[in-house]
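Note that these values count all heavy atoms, side chains included, but never hydrogens, waters or copies made by symmetry. Each ligand, and each atom within it, is numbered from 1 in the order the structure gives.
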Amino acid sequence: MKTYDLIVVGAGPAGLCAALYAGRSMLKSVVIERGAPGGELLNTELIEDYPGFESIMGFELSERMAAHALKFGAEMLTDSVTGVEKREDGWFLVTTERGAQLQAPAVILTAGGTPTKLDIPGELEYAGKGVSYCAVCDGHFFRGEVLAVVGGGDAATEEADFLTRYASKVYIIHRRREFRASPILQKRVFENPKIEVIWDTVVERIEGDANAVKHLALRNVVTGVTSQLPVGGVFVFIGFRPNTGVVKGHLEHDAAGYIVTDDVMMSSIPGLFAAGDVRAQLTRQITTAVGDATTAVIAASKYLAALKDREAARTAQPVGSS
Ligand code: NAP
């Protein structure tokens, strides 16, 4: 069993920023991440909305954030967290897939989210054979092909624009007649001659041969008309499900499963903080993730100091007093 002041679960922008601030606060901390550090940054080609960086590649910002955290003494553990449980003594026990056990009086959950699936026939069957959830990872496999993107948010519009670097044409299939994406991303889509939007339409089935996706079965939700769209691949960007399942016990969350925190990022479990995409909030940006993480570490630091004061007062009580 390894003991820390603070355990950070996840090494996306929030986790790496938490590691940086924990180091600077002289807290003995560890960041546990199942993959490479960076989280969603690794699924983002170009970042143009992080102050100080007019334009930076997602992987480069990840590397810089990780190096910055390491410089301040962050300990990184590559493993998958399987449980975060508050024990009766008030400390958290964190367990991992490889059997590690770690304990700390405070935990910051920065585990991000998992892409939402369409849950339609063919989606699972063609995963990796034309169905993708990551344009940066898979876009280059589709040079010169016709692609479809499903969704109408920031991710769908941004990634559709990105995919036109490789594809001859990109259809965005959206279930309504209006995007929820930010105006600047919508503008890029409407100005991109390689993108065509198919409004009011859902994908009912993904079909193909034994090796690859060949077409999508579509249905217009207003007219009911069905059609077939020939494509070489389909990229699904219909939201994220927050990765909160590792927390044992009741944790207050919103209707979509995002963790509800107070204004210092503390969840309904005292000592368990949340930052970044796992947290219920207006928007999920790199800037908000690092802001959350900064607040969470400073709040965790005060929480730890208060615990120490309480423990000192308890042990200082004269024998026989209650
Ligand atoms: P999102 O904003 O929740 O958008 C999800 C989109 O998918 C919506 O258009 C939604 O349609 C559609 N959708 C949901 N379920 C569907 C289904 N079963 N079938 C078909 N369509 C479905 O998710 P996101 O785009 O992944 O973005 C998540 C967060 O990350 C947002 O806060 C976003 O601002 C942020 N983000 C920011 C950037 C950036 O600023 N560069 C890039 C990516 C993500 P309706 O509109 O009809 O609900």
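Without hydrogens or angle criteria, D5 side chain to K28 main chain gives a donor-acceptor distance under 3.5 Å. Within the 3.5 Å criterion, the main-chain N or O of G58 finds a donor-acceptor partner in the side chain of S62. Judged purely by atom type and a 3.5 angstrom limit, S132 has no side-chain atom pairing as donor or acceptor with the backbone of G128.
Each of the following atoms of ligand 1 lies closer than 4.0 Å to a heavy atom of D49: 40 (O), 41 (N). Taking every heavy atom of G239 and a limit of under 4.0 angstrom, the matching atoms of ligand 1 come to 5 (C), 23 (O), 26 (O). Numbered from 1 in the order shown, with element, the atoms of ligand 1 that lie under 4.0 Å from a heavy atom of G152 read 6 (C), 7 (O), 8 (C), 9 (O).
L118 CD2, 3.8 Å is the protein heavy atom nearest to atom 19 (N) of ligand 1. The protein heavy-atom contact nearest to atom 18 (N) of ligand 1 is I238 CD1, 3.7 Å. If you check which protein heavy atom lies closest to atom 47 (O) of ligand 1, you get R176 NE, 2.7 Å. Atom 42 (C) of ligand 1 has as its closest protein heavy atom E158 OE1, 3.1 Å. Of all protein heavy atoms, the one closest to atom 33 (C) of ligand 1 is D154 OD2, 3.3 Å. In terms of protein heavy-atom proximity, atom 16 (C) of ligand 1 is closest to R175 NH1, 3.3 Å. Remark: minimum distance from atom 30 (O) of ligand 1 to any protein heavy atom is reached at R284 O, 3.7 Å. Here the heavy atom of the protein found nearest to atom 8 (C) of ligand 1 is R180 NE, 3.5 Å.
By the 4.0 Å heavy-atom criterion, H174 is counted among the residues contacting ligand 1. Not a single heavy atom of V202 sits under 4.0 Å from any atom of ligand 1.
Annotation: Q285 places an N or O atom under 3.5 Å from an N or O atom of ligand 1; distance criterion only. Taking any N or O of A155, backbone or side chain, at least one lies under 3.5 Å from an N or O belonging to ligand 1.
Sorted by first and then second residue, the side chain to side chain donor-acceptor pair (under 3.5 Å) pairs with a member in residues 244-271 read T261-R279; sequence neighbours excluded. The salt bridge (charged side-chain N to carboxylate O under 4.0 Å, His left out) pairs that include a residue from residues 69-84 are K2-E75, where partners are two or more places apart or lie in different chains.
Within a 4.0 Å radius of atom 28 (C) of ligand 1, the protein has no heavy atom.
Residues D161 and N192 have side chains that bring a donor and an acceptor to within less than 3.5 angstrom of each other. Looking only at atom types and distance, the side chain of E48 has no donor-acceptor partner in the side chain of S55 under 3.5 Å away. No hydrogens or angles considered: a donor-acceptor pair under 3.5 Å links the side chains of Q285 and T283.
Between F179 and W199, the angle of the ring planes lies from 30° to 60°, which puts this pair in the tilted group.
Using a 4.0 Å cut-off between heavy atoms, T116 makes no contact with ligand 1 at all.
Partner of V81 under the side chain to side chain contact (heavy atoms under 4.5 Å, CB included) criterion, out of T95, V246, V247: V246 alone.
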